[in-house]
Amino acid sequence: MLLLLLVSLTLAVGPAVGFYGGSMTFTPGNRFPDGSVEMHFYYRESSRGPCGSQVNWICESGSCGVLTSTEPVETDSTAQNLWCQSEVHMTTNVTSNGPFILNSSGCCWEDNVHGVGGWTLHTSVDTGQRSDTRSPNRSPVSAAIPNIRIPQNCFQNFKLLAHDPDDDVVRCRFNDANCTLCHQHPNIHLHKESCTLHTGDSLALGSHVFELILEDYPVSNITVMDHNGVFSVSNAFNDSNPTALSQVPLQFGVEILPPAQGCVPGVNKPSFLTPTPLHGDVHHAAVGQAHEITLQAQVADNSIFDFQVSGPSNMSKTLTSLSNGVMMATLTWIPQETDLFRHVPVCFTAETLHSQSEMRCIIVVVAKARVLSGEAKVICDDNSISIVVSKASMDGIDQDWLQLRDPTCSLTSNQTHILGTMSLNTCGTTMDDSGDFFVFNNEINSFENPNAVITRRNQVKFGFSCQYPKIASVSNRYVNHKSDYIFTESSFGTFSYSFEVFTDQTFNSQVDPSQYPVQVQLMDKIYMGIEASTALPEVTLFVESCKATPEDNPFSPVFYDIIKDGCVMDETVMPYPSDSTKYDFEIQAFKFAGGFDEVYISCSVILCAKDSLNSRCALGCLGPAARRRRRDVSQETARHYITQGPLHVAKQTHNSAASNDGGFLHMSTSTGVFAGLFLLSIAVVAGMLVYKAKRTRSVDRMHLMSTF
């Protein structure tokens, strides 16, 4: 029997309240002896005017239980009641352990450009037990501030939060499948993977309504079991036929302001400064303990009077004016027992009368106790990061269960410290623009046996970073060319790889990093070399694979194999004799069909003990059946991915002059067809990286590895 679930109360008496968006997240709570599951829902609603929830939730299908709710609690507002956001916490006990749908519709949106009146909010839940987490599914997490303002000439890219507590794949889409009356945006493109809005055209002045749905999909095939022990299969995400685990709404309004004099952060609109968290950061808080988030921003053309915040219901905000026009906000939140295990979204902007900063959103994960942190020293070199963690500050922690963000990069240790060294583009290191610095981030995390139900180890998490100040000649310091890749493994210590483009077949002269992207023409001979550097004398380098992609993503679904499983696949590849720690080769330039001018190349490389007969290096080119083998960690390293580039093909026409050897207009038929399909270029995986005027390759590389 369908139950009517009434969530909101009567509208507050006073000025009219205009609906201005809402978001929903849910998470499972206790599982009771009778098999029922407690589900927690957190609904945030934005409005123009005083706070007050206008939403009535209806059980559209399935057995939803009896939903109870708290009073709406104000999370942020203006003193003039121009806008407000409130949060409602709802709970229900569900006995069926199956899917159900909550739905809400009503009127009216705040006045907007396209006359959107009614709203529809849709939430799809499945309380069955997942085979991978042994718990019901947790929804994607997102939010938005209540009052988004963007000058007409400054709306280009708008990032939204798309986080999943179960590490599922999250996709955003416009709410067109469940809402026939929802407004469409022909001039707006939604990048579903990153949940980012793009537009190349100016939008009309006034308020615009955006109604989105967030869906989550497992990264691998799982089963979901209901209360009767019946299993349903949920397949890994597939673009062609996706079946979501859950759906939650994210709706908000965007006010398009008259054109501004400029859109430069820090000049025409506020720019965040360090230590403001970066978009997508994850913080960790503990029940009953105050968690603080510090925001700082600055603008030259105006003054910042406030920070707009979308956060949990009992979060407080304190403003402090600093020197040089810098405004600081301190957000303080004390999680309660009911917040345990929540992943709480917090979004914020810096405000002036006529402008607004970018919106950043972070996640605060609530645990019973604080995550352990130890004493660590971080060393920031020109193109590497080293971290030294004191074992004494982490009593009882097992180093064997610690890893960097990229688990293929292991850590080493001595009697007193845990050590790690990585370059700025390896081991999961990411780069972010904090406003006044480029920040390179990584982390040390504890991990568990994925098949274990219990653990007797404490959770460990070390976030560490190096920041490099922005200077006038940024292009001299951060360029496309990739520096050496540095890794650390327990059996091989610290070692590095370089991946370079050379000017000729002698492989003695590298293309200068300032010349990247390297300009090439179709059928040009490209000379590339990979070299390993290590303190161990008897090692062999093995290039297991190299593949090209038309985008800055080594795992792109569109790719071309140059080397695969140790076998050369491209007919123009010519390896040159070299030392055991080098792999030099020649290849002819090519391009992808479809108008792509660049190709990114990633190679997987392995180091092996020189005389090991069973190592991957000794096996060479393998067929499919031989690929399944157990790695001997004492004889070979993990597989590591390295990239370089990019190369960019010069556009040519049929009127171009031919080269001395006939040029690309007089190629052979077979090679001509191939050259029409692909353009050689080199991948840029980590973005802009620090470049320092190089010493010799050997000296520079050993300097990076000599920290410890």
Side-chain angles (χ1 to χ4, degrees), residues 25-28 31 37 97-99 124-142 162-173 191-195 213-226 229-248 280 282 341 343 363 365 401-410 427-428 430 443 445-455 459 544-545 547 549 551 553-559 561 564-565 602 604 624-625 627-631 638-641 685:
T25 63
F26 63 81
T27 187
R31 183 182 293 276
V37 177
N97 280 17
S124 176
V125 186
D126 191 337
T127 59
Q129 180 176 295
R130 296 174 53 144
S131 59
D132 55 346
T133 64
R134 295 183 173 86
S135 176
N137 184 59
R138 295 179 288 183
S139 75
V141 176
S142 191
H163 170 84
D164 192 89
D166 296 320
D167 293 324
D168 292 325
V169 176
V170 179
R171 291 291 183 267
C172 301
R173 63 174 175 83
H191 189 261
K192 297 180 179 180
E193 290 80 3
S194 64
C195 210
I213 285 284
L214 274 67
E215 301 172 323
D216 57 337
Y217 306 85
V219 295
S220 60
N221 294 346
I222 65 171
T223 58
V224 181
M225 181 178 67
D226 66 15
V230 177
F231 290 88
S232 61
V233 177
S234 185
N235 295 320
F237 176 75
N238 186 330
D239 279 307
S240 62
N241 186 27
T243 302
L245 291 166
S246 68
Q247 297 176 331
V248 289
V282 177
F341 305 127
H343 288 230
I363 292 293
V365 180
W401 293 92
L402 298 179
Q403 64 183 20
L404 291 163
R405 185 177 286 152
D406 180 352
T408 64
C409 297
S410 57
C427 301
T430 59
E443 59 191 23
N445 290 310
S446 56
F447 65 97
E448 301 293 340
N449 183 336
N451 298 317
V453 178
I454 67 169
T455 181
Q459 183 184 8
E544 186 179 45
S545 70
K547 66 178 180 179
T549 60
E551 58 179 330
N553 176 11
F555 305 105
S556 170
V558 180
F559 64 90
D561 285 316
K564 183 178 180 181
D565 300 319
S602 294
S604 63
R627 290 201 296 266
R628 294 185 293 273
R629 52 181 292 275
R630 184 181 296 275
R631 177 172 70 96
R639 180 183 296 108
H640 294 291
Y641 293 90
V685 172

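Just so it is clear, the model here is predicted, and its values are computed rather than measured.
Remark: Ser545 OG to Tyr641 OH distance equals 6.0 Å, nearest 0.5 Å. Atoms CZ and OG, on Arg130 and Ser135 in that order, are 8.5 Å from each other to the nearest 0.5 Å. To the nearest 0.5 Å, the span separating CG on Asn137 from CG on Asp164 amounts to 7.0 Å. A distance of 9.5 Å separates OG1 of Thr127 from CZ of Phe26, quoted to the nearest 0.5 Å. The distance from the CG atom of Leu404 to the CD atom of Glu443 is 9.0 Å, given to the nearest 0.5 Å. In this structure, Leu214 CG and Cys172 SG are separated by 4.0 Å, a value rounded to the nearest 0.5 Å.
Residues Pro218 and Leu245 meet the side-chain proximity criterion, which asks for heavy atoms closer than 4.5 Å. Side-chain contact between Asp216 and Val169 is absent, with no heavy-atom pair separated by less than 4.5 Å. In this structure the side chain of Val248 never reaches within 4.5 angstrom of the side chain of Ile213, judged on heavy atoms. Considering only heavy atoms from C-beta on, Gln129 stays 4.5 Å or farther from Val224 through its side chain. With a 4.5 Å cut-off on side-chain heavy atoms, Arg31 and Pro136 count as touching. You'll find the side chain of Met225 stays beyond 4.5 Å of the side chain of Arg134, heavy atoms only.
Using modelled atom types, no side-chain atom of Asp561 and backbone atom of Lys564 make a donor-acceptor pair closer than 3.5 Å. At distances below 3.5 Å, not a single donor-acceptor pair connects side-chain atoms of Ser124 with backbone N or O atoms of Gln247. At least one donor-acceptor pair closer than 3.5 Å links the side chain of Asp126 to the backbone N or O of Gly128.
Ion pairing between Arg171 and Glu215 fails under the 4.0 Å rule for side-chain N and carboxylate O. Ion pairing between Arg138 and Asp167 fails under the 4.0 Å rule for side-chain N and carboxylate O.
When all heavy atoms are compared, the tightest approach of His163 to Ile363 is CG-CG1, 3.5 Å. Residue Gly428 comes nearest to Arg405 through the heavy atom pair O-NH1, 3.0 Å, listed as atom of the first residue, atom of the second, then distance.
Looking at residues two or more places apart in sequence or on another chain, you find a ring pair (Phe, Tyr, Trp, His ring centres under 6.0 Å) between His640 and Phe487, Phe495.
Ser246 and Ser139 share no donor-acceptor pair across their side chains, judged by distance under 3.5 Å alone.
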* Asked: Where do Asp132 and Asp166 land on the side-chain contact (heavy atoms from CB on, under 4.5 Å) test, with the steps shown first?
  -> CA-CA 9 Å; Asp132 55 346; Asp166 296 320; 6.0 Å; no
